[in-house]
Amino acid sequence: MTLPAHGTERFNLWAPDAHTITLLADGREYPMSRITGPGPAGVVGSGPDGLDHSGGWWTAPDAPAAGDVDYGYLLDGDTTPLPDPRSRRQPEGVHSLSRTFDAGSHEWADGQWQGRGLQGAVIYELHLGTFTPEGTLDAAIGKLDYLVELGIDFVELLPVNGFNGTHNWGYDGVLWYAVHEGYGGPAAYQRFVDAAHAAGLGVIQDVVYNHLGPSGNYLGRFGPYLKSGEGNTWGDSVNLDGPGSDIVRSYILENAAMWLRDYHVDGLRLDAVHAFKDERAIHLLEEFGALADDVSAETGRPATMIAESDLNDPRLLYPREVNGYGLAGQWSDDFHHAVHVNVSGESTGYYEDFGSVGALAKVLVDGFFHDGSYSSFRGRHHGRPINTALVHPAALVVCSQNHDQIGNRATGDRLSQTLGYGQLALAAVATLTSPYTAMLFMGEEYGASTPWQFFTSHPEPELGKATAEGRIREFERMGWDPAVVPDPQDPETFTRSRLNWAEAVEGDHARLLALYRQLIALRRSTPELAGLGFEDTAVAFSEADRWLRLRRGSVEVAMNFSAEPRRLAVAGASIALATDGGVRLDGSQLDLPGHSAAIISK
């Protein structure tokens, strides 16, 4: 797949419905003219002749051809310039002028980086604004050695694209090609990826293509990027299959290619793909799979596409040659729910179907809990079984905590704010010894006491008020006390969510951190834990006594979810790891104190 050049000029623009356009560049006006003929060659998603037949492209041949330029577009006589839909920089925010950025000026030092696939990997999900006190990409570079020592393989960054305000989760982005200036902008992003690769860490970027944020979204002024009246949870749907959708899909796929090529990232996490509304014969997800294969062939490194999907549809993972989408991975919320219920006892809402040890046993063996079964939360049957002949367990990305499952709770509380060391250790063992690709959420590894709450910084008072009130209504419907829901616009909600790194070396925090390091090291040195297929997994459990025994090859993982001690029969000869000093192995009998786990090897 070749990225389209859109002609030879830097300021070519797609605006099919505009009558006149003027480029404002460094204070000077440059009238733009329509590109005649079929349009620029090579547009992703175009016809079989490789040309864009939609028309609507404009060019400014007299505009500055080099150097940094602050610019915007005046459409149909407007006096206020709009930022470029493909802007790489927004120094003064998403409502202001764009600034050119030469991605090729960075001298990459990662020529020896070979990348890696998901099998056996551990991913660390982090939000740049709350990961360090400074909240920048350069500050995050200073924590890479810590992540290496922990045993991490991939750093997954929550969305970094341009949003309105100073701080945000990142899912209110409106300029998908820009890196938020508060994080350091695009040059800092390149430095971060280079530093991560030098440290032996891959980088996965979380990207949002299913909706745009509520402030600074001017795409509708330029063309049919959105489908008015066909919304999803967050607003109007992106136009993936209507008139003009060739260019909209090109806009998305070019953005994905930008991260992989210009910024050397190793993979993308595709946000909420179940919200895509795409009825074309070739689904956008299949095009993502093809793009990843093309970039991998071009660079010689894996390009990993991971979908966040609520569908429990394994077609996302099947190869394209058998009518799948060819993605490398997808999140499995079922695993999270089963672990969460078994360590916390919480079983309301969407946790209701997971209130058993058997639910965890099923996801450990089959990947999904709902694979065609009735979902009480949805009020219908949900999902389909995984054809295990087509999928390796590493294709499922699992966790016991993530930004959604923490931040979308009323108070943004982590497991570590209500559970003790033993239960947190059980969650760690279940996740890091599962057959799947394990993901941690920043601070989880030391039981961070800080919450991770929903925060925004909308400068518009009416938008900030609507966001806060909407949040309260959302949790009232779920039975939460609205008085405990923090105001997302209150700056303290953001600052409360920053990690407190000082506590990582104290008491049970340090004890838990040591356990995570040991677990990840054992996972890496024991191929049977992460390298075997579905067929090599066996589970036994007792619902009454609340224990579970997972076998991966010759390795057994015994977990006691009860507060009472339990004795289990095991086949192993030695304890490779125990979460509690009271664990004892006497011949074939394993004694587990309450809320403890052990890994047994032959």
Side-chain angles (χ1 to χ4, degrees), residues 312 332-377 382-383 385-386 393 396 398-401 405 415 418-436 438 515 519 529 534 536-553 555-572 575 577-580 582-583 585 588-600:
N312 283 18
S332 172
D333 282 347
D334 286 8
F335 181 93
H336 167 272
H337 300 345
V339 172
H340 182 94
V341 172
N342 277 286
V343 298
S344 72
E346 182 180 359
S347 59
T348 58
Y350 54 67
Y351 293 128
E352 183 176 353
D353 293 342
F354 298 87
S356 66
V357 180
L360 178 57
K362 179 170 174 54
V363 296
L364 285 168
V365 172
D366 296 332
F368 295 144
F369 178 76
H370 286 304
D371 52 9
S373 59
Y374 183 80
S375 165
S376 63
F377 179 71
H382 184 68
I386 296 172
L396 294 182
V398 302
C399 65
S400 64
Q401 301 181 74
Q405 300 298 340
L415 289 176
T418 53
L419 303 183
Y421 167 83
Q423 293 150 300
L424 297 177
L426 273 170
V429 169
T431 303
L432 287 163
T433 64
S434 79
Y436 312 119
L515 174 66
L519 275 168
L529 284 177
F534 279 100
D536 300 300
T537 300
V539 173
F541 65 95
S542 168
E543 204 68 70
D545 292 334
R546 294 190 49 73
W547 59 260
L548 182 147
R549 190 178 66 235
L550 166 70
R551 179 172 294 165
R552 296 279 289 160
V555 177
E556 288 184 271
V557 182
M559 292 173 271
N560 179 13
F561 294 100
S562 167
E564 302 301 320
R566 298 290 184 239
R567 169 165 278 206
L568 283 67
V570 294
I575 298 174
L577 182 147
T579 65
D580 188 292
V583 173
L585 180 61
S588 62
Q589 299 298 307
L590 177 70
D591 290 318
L592 288 175
H595 294 148
S596 71
I599 301 173
I600 311 299

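Numbers here simply count residues along the sequence, with the first being 1.
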Engineer: Is there side-chain contact between Asn312 and His382, with heavy atoms separated by less than 4.5 Å?
Structural biologist: yes

Engineer: Does the side chain of Leu577 reach to within under 4.5 Å of the side chain of Leu515, using non-hydrogen atoms?
Structural biologist: yes

Engineer: Answer yes or no: is there a side-chain heavy-atom contact under 4.5 Å between Val539 and Leu548?
Structural biologist: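 In contact.
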
Engineer: Heavy atoms only: give me the nearest Ala427-Val343 pair and the separation to one decimal.
Structural biologist: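 Closest approach of Ala427 to Val343: N-CG1, 4.0 Å.
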
Engineer: Compare every heavy atom of Gly572 with every heavy atom of Glu556, then report the nearest pair and how far apart it is.
Structural biologist: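 That would be OE1-N, 3.2 Å.
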
Engineer: Which value, rounded to the nearest 0.5 Å, describes the distance between Ser400 atom OG and Gln405 atom CD?
Structural biologist: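 Result: 10.5 Å between the selected atoms.
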
Engineer: Please confirm whether the ring centroid of Phe335 lies under 6.0 Å from the ring centroid of His340.
Structural biologist: no

Engineer: Where the side chain of Asn560 meets the backbone of Trp547, is there a donor-acceptor pair that is under 3.5 Å apart?
Structural biologist: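 Looks like no, no N/O pair under 3.5 Å.
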
Engineer: Are Asn342 and Val357 packed together at the side-chain level, in the sense that at least one heavy-atom pair is separated by less than 4.5 angstrom?
Structural biologist: yes

Engineer: I'd like to know if the side chain of Ser596 reaches the main chain of Asp580, judged simply by a donor and an acceptor atom lying under 3.5 Å from each other, with no hydrogens or angles considered.
Structural biologist: no

Engineer: Assess, by modelled atom type and distance only, whether the side chains of Arg552 and Thr537 contain a donor and an acceptor separated by less than 3.5 Å.
Structural biologist: yes

Engineer: With side chains defined as the heavy atoms from C-beta onward, is the minimum distance between Leu396 and Phe368 less than 4.5 Å?
Structural biologist: yes

Engineer: Are side-chain heavy atoms of Val583 and Leu592 found at a separation under 4.5 Å?
Structural biologist: yes

Engineer: Over 60° means perpendicular and under 30° means parallel, so tell me whether Tyr351 and His336 are parallel, tilted or perpendicular.
Structural biologist: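 Correct class here is tilted.
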
Engineer: What distance separates Leu550 CG from Thr433 OG1, expressed to the nearest 0.5 Å?
Structural biologist: 5.5 Å

Engineer: So, does Arg549 use its side chain to make a donor-acceptor pair with the main chain of Ala569 at under 3.5 Å?
Structural biologist: yes

Engineer: Show the nearest heavy-atom pair for residues Ser562 and Glu564, with the distance to one decimal.
Structural biologist: OG-N, 2.9 Å

Engineer: Please check this pair: side chain of Ser434 against backbone of Thr431, looking for a donor-acceptor N/O pair closer than 3.5 Å.
Structural biologist: yes

Engineer: Is there a donor in the side chain of Asp353 and an acceptor in the side chain of Ser376, or the other way round, less than 3.5 Å apart?
Structural biologist: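 There is such a pair between these side chains.
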
Engineer: I need the Leu519 CG to Ile599 CD1 distance, nearest 0.5 Å.
Structural biologist: 5.0 Å

Engineer: Mind checking the CZ-CG spacing from Arg566 to Asp545? Nearest 0.5 Å is all I need.
Structural biologist: 4.5 Å

Engineer: When the ring centroid of Tyr350 is compared with that of His337, is the distance short of 6.0 Å?
Structural biologist: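 Yes, ring centres under 6.0 Å apart.
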
Engineer: Could you tell me if the side chain of Leu360 sits less than 4.5 Å from the side chain of Phe369, heavy atoms only?
Structural biologist: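 In short, these two side chains do not touch, never coming nearer than 4.5 Å.
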
Engineer: Between the side chain of Gln401 and the main-chain N/O of Leu415, is any donor-acceptor distance below 3.5 Å?
Structural biologist: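 Yes; judged by distance alone, with no hydrogens or angles, the pair exists.
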
Engineer: Grab the two heavy atoms, one from Ser344 and one from Leu419, that are nearest each other, plus how far apart they are.
Structural biologist: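 Ser344 and Leu419 have their closest heavy atoms at CA-CD2, 4.1 Å.
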
Engineer: With a 3.5 Å distance limit and no angle check, can you tell me whether Glu352 reaches the backbone of Ser347 through a side-chain donor-acceptor pair?
Structural biologist: no

Engineer: Find out whether Leu585 and Val570 are in side-chain contact, i.e. whether some heavy atom of one side chain is under 4.5 Å from a heavy atom of the other.
Structural biologist: yes

Engineer: So does Arg567 get a backbone contact from the side chain of Gln589, meaning a donor-acceptor N/O pair under 3.5 Å?
Structural biologist: no

Engineer: Work out which heavy atom in Glu543 is nearest to a heavy atom in Gly358; give both atom names and the distance.
Structural biologist: OE1-N, 3.0 Å

Engineer: Give, for atom CD1 of Ile386 and atom CG of Asp371, the distance between the pair rounded to the nearest 0.5 Å.
Structural biologist: 8.0 Å

Engineer: Between CZ of Phe561 and CZ of Phe541, what distance do you get to the nearest 0.5 Å?
Structural biologist: 11.5 Å

Engineer: Restricting to non-hydrogen atoms, name the atom on Pro593 and the atom on Gly582 that form the minimum distance, rounded to 0.1 Å.
Structural biologist: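 Residues Pro593 and Gly582, closest heavy atoms: CG-C, 3.6 Å.
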
Engineer: Under a plain distance cut-off of 3.5 Å, with no hydrogens placed, do Arg546 and Ser542 share a side-chain donor-acceptor pair?
Structural biologist: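 No pair is found: no donor N or O on one side chain lies under 3.5 Å from an acceptor on the other.
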
Engineer: Answer yes when Asp334 and Lys362 have at least one side-chain N-carboxylate O distance shorter than 4.0 Å, and no when they do not.
Structural biologist: no

